[in-house]
Amino acid sequence: MNTSFIEYIRKRRSQYHLGKTLPVSKAETENIIKEAVRLAPSPFNSQSSRVVILFGAQSQKLWDITKEALRKTVPVEKFKPTEDKINSFAAGIGTILFYEDMDIVKGMQEKFPLYKDKFPVWSEQSNGMAQFAVWSALAEANIGASLQHYNPLIDENVAKKWDIPAHWRLRAHMPFGSNEASLPPKTFIDDAVRFRTYA
């Protein structure tokens with residue numbers, strides 16, 4: 001068993017206390033993200049995942065857009081906790097937007113009609129693996145992150161702001177930055193509930 005890999009992914013946790021001091025350079029952080037996405041598996045090597053990396057003021061703009069979108073849907077008297085949560089994401093140094101290129105998915109459906117109904121599912125799985133790969137790679141570099149989903153609420157405004165192609169579908173956003181708080185031990189359900197082994 002490759003215990004080094006297990007230790008590598010053990011560090012991946014949801015960090016909600018983010019700061020703006022990275023342990024590595026922005027350029028190195030960008031390279032970590034890109035390499036993790038490149039190496040993540042995809043069905044038939046379709047490579048349908050797309051990523052937008054926002055640093056600094058660009059990341060802040062994303063969370064401003066999110067906050068204003070939520071302001072229209074969350075009752076005024078309940079908005080403060082929502083605003084605090086969004087501000088905690090904006091406190092990081094950047095945000096990664098994970099997309100799927102639906103033109104690629106459609107092209108695979110046309111090329112392999114026998115699996116037409118499977119490619120949208122495989123696309124979601126592939127994007128999830130890219131998210132996990134990036135999250136784990138950031139954690140290994142001692143960069144905190146969490147995974148958020150405010151799509152489709154913000155999709156249109158985000159697409160306008162950063163000129164996102166219409167055939168890209170937003171799947172998740174990952175705020176990241178320095179770890180500004182320690183994380184409690186992770187708890188797990190009983191193995192007997194989760195696993196079955198037959199030999």
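Because the structure is a prediction, the values reported are computed rather than measured.
A side-chain donor-acceptor contact under 3.5 Å links S136 to the backbone of F132. In this structure, K20 contributes its side chain and I93 its backbone to no donor-acceptor pair below 3.5 Å. When atom types are taken as modelled, the side chain of H173 and the backbone of T95 share no donor-acceptor pair closer than 3.5 angstrom. Although no hydrogens or angles enter the test, the distance criterion places no donor-acceptor pair under 3.5 Å between the side chain of W162 and the main chain of N157. The closest donor-acceptor contact from the side chain of Q109 to the backbone of K116 lies under 3.5 Å. Remark: side-chain polar atoms of T73 are paired, donor with acceptor, to backbone N or O of L70 under 3.5 angstrom. S42 places a side-chain N or O within donor-acceptor distance of the main-chain N or O of Q47, the cut-off being under 3.5 Å. S126 places no side-chain N or O within donor-acceptor distance of the main-chain N or O of W122, the cut-off being under 3.5 Å.
The pair D84-K80 meets the salt-bridge criterion, since a charged nitrogen lies less than 4.0 angstrom from a carboxylate oxygen. Salt-bridge formation is detected for the pair K160/E156: a Lys NZ or Arg NE/NH1/NH2 atom is positioned less than 4.0 Å from an Asp or Glu carboxylate oxygen.
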Steps toward side-chain contact (heavy atoms from CB on, under 4.5 Å) verdict (H149, N151): CA-CA 5 Å; H149 303 86; N151 46 297; 3.8 Å; yes
Evaluation steps, ring-ring contact (aromatic ring centres under 6.0 Å, His included), between F176 and F89: CA-CA 8 Å; F176 65 91; F89 304 145; over 10 Å; no
Verdict with reasoning, R71 to F79, per side-chain contact (heavy atoms from CB on, under 4.5 Å): CA-CA 7 Å; R71 200 183 298 277; F79 189 70; 3.4 Å; yes
Trace of the side-chain contact (heavy atoms from CB on, under 4.5 Å) decision for L54 with V52: CA-CA 7 Å; L54 305 173; V52 175; 3.8 Å; yes
side-chain contact (heavy atoms from CB on, under 4.5 Å) assessment of I143 paired with N179: CA-CA 6 Å; I143 298 172; N179 288 294; 5.8 Å; no
Test side chain to side chain donor-acceptor pair (under 3.5 Å) applied to N31 and E35, step by step: CA-CA 6 Å; N31 286 336; E35 190 69 2; over 6 Å; no
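Applying the side-chain hydrogen bond (donor to acceptor under 3.5 Å, both in side chains) criterion to D101, with sequence neighbours excluded, gives R50, H167.
Remark: the N127 side chain and the Q131 side chain contain an N/O donor-acceptor pair separated by less than 3.5 Å. Residues T66 and E68 bring no donor and acceptor atom of their side chains to less than 3.5 Å of each other. E100 and S123 are linked by a side-chain donor-acceptor pair at a separation below 3.5 angstrom, with hydrogens and angles left out of the test. E180 and S178 are linked by a side-chain donor-acceptor pair at a separation below 3.5 angstrom, with hydrogens and angles left out of the test. Side-chain atoms of E83 and N87 include no donor-acceptor pair closer than 3.5 Å.
Contact record, G92 with L18: CA-CB, 3.7 Å, taken as the closest heavy-atom pair. Residues G94 and S59 share a closest heavy-atom pair of C-OG, 3.4 Å. Here the shortest heavy-atom pairing between Y150 and K85 reads OH-CD, 3.6 Å. Between M129 and P41, the shortest heavy-atom distance links the atoms SD-CG, 3.4 Å. Residues K78 and T82 approach most closely at O-OG1, 3.9 Å, considering heavy atoms.
Between P175 and S146 the shortest side-chain heavy-atom distance falls below 4.5 Å. Using a 4.5 Å heavy-atom threshold, the side chains of Y99 and R171 count as separate. Looking at S14 and W135, their side chains come closer than 4.5 Å, going by heavy atoms from C-beta outward.
The structure places CZ of F5 at 8.0 Å from OH of Y8, a figure rounded to the nearest 0.5 Å. Atoms CD and CD1, on E30 and I33 in that order, are 7.5 Å from each other to the nearest 0.5 Å. In this structure, I164 CD1 and R169 CZ are separated by 15.0 Å, a value rounded to the nearest 0.5 Å. Between the CZ atom in F119 and the NZ atom in K111 there is a gap of 9.0 Å [rounded to 0.5 Å]. Between the NZ atom of K186 and the CZ atom of R13 there is a distance of 6.0 Å, given to the nearest 0.5 Å. Taken from CD in Q15 to OG in S88, the straight-line distance is 9.5 Å, to the nearest 0.5 Å.
Taken together through direct or relayed side-chain contacts under 4.5 Å among Ile, Leu, Val, Met, Phe, Trp and Tyr, V51 and L147 form part of one hydrophobic cluster. Each of I96 and I154 belongs to its own hydrophobic cluster when Ile, Leu, Val, Met, Phe, Trp and Tyr are linked at side-chain heavy-atom distances under 4.5 angstrom. Criterion: ILVMFWY side-chain heavy atoms under 4.5 Å apart, direct or through other members. Under it, M102 and V37 are not part of a common hydrophobic cluster. A continuous path of Ile, Leu, Val, Met, Phe, Trp and Tyr side chains, each step under 4.5 Å between heavy atoms, connects F55 with V24, placing both in one hydrophobic cluster. Under the 4.5 Å side-chain heavy-atom criterion for grouping Ile, Leu, Val, Met, Phe, Trp and Tyr, L62 is connected to V74 within one hydrophobic cluster.
Other residues, nucleotides and ligands place more than 12 heavy atoms under 6.0 Å from the CZ atom of F44.
Think of L183 as one node in a network of Ile, Leu, Val, Met, Phe, Trp and Tyr side chains linked at under 4.5 Å; it has no links at all.
Just one of P43, P120, S46 meets the side-chain contact (heavy atoms from CB on, under 4.5 Å) condition when paired with M108; it is S46.
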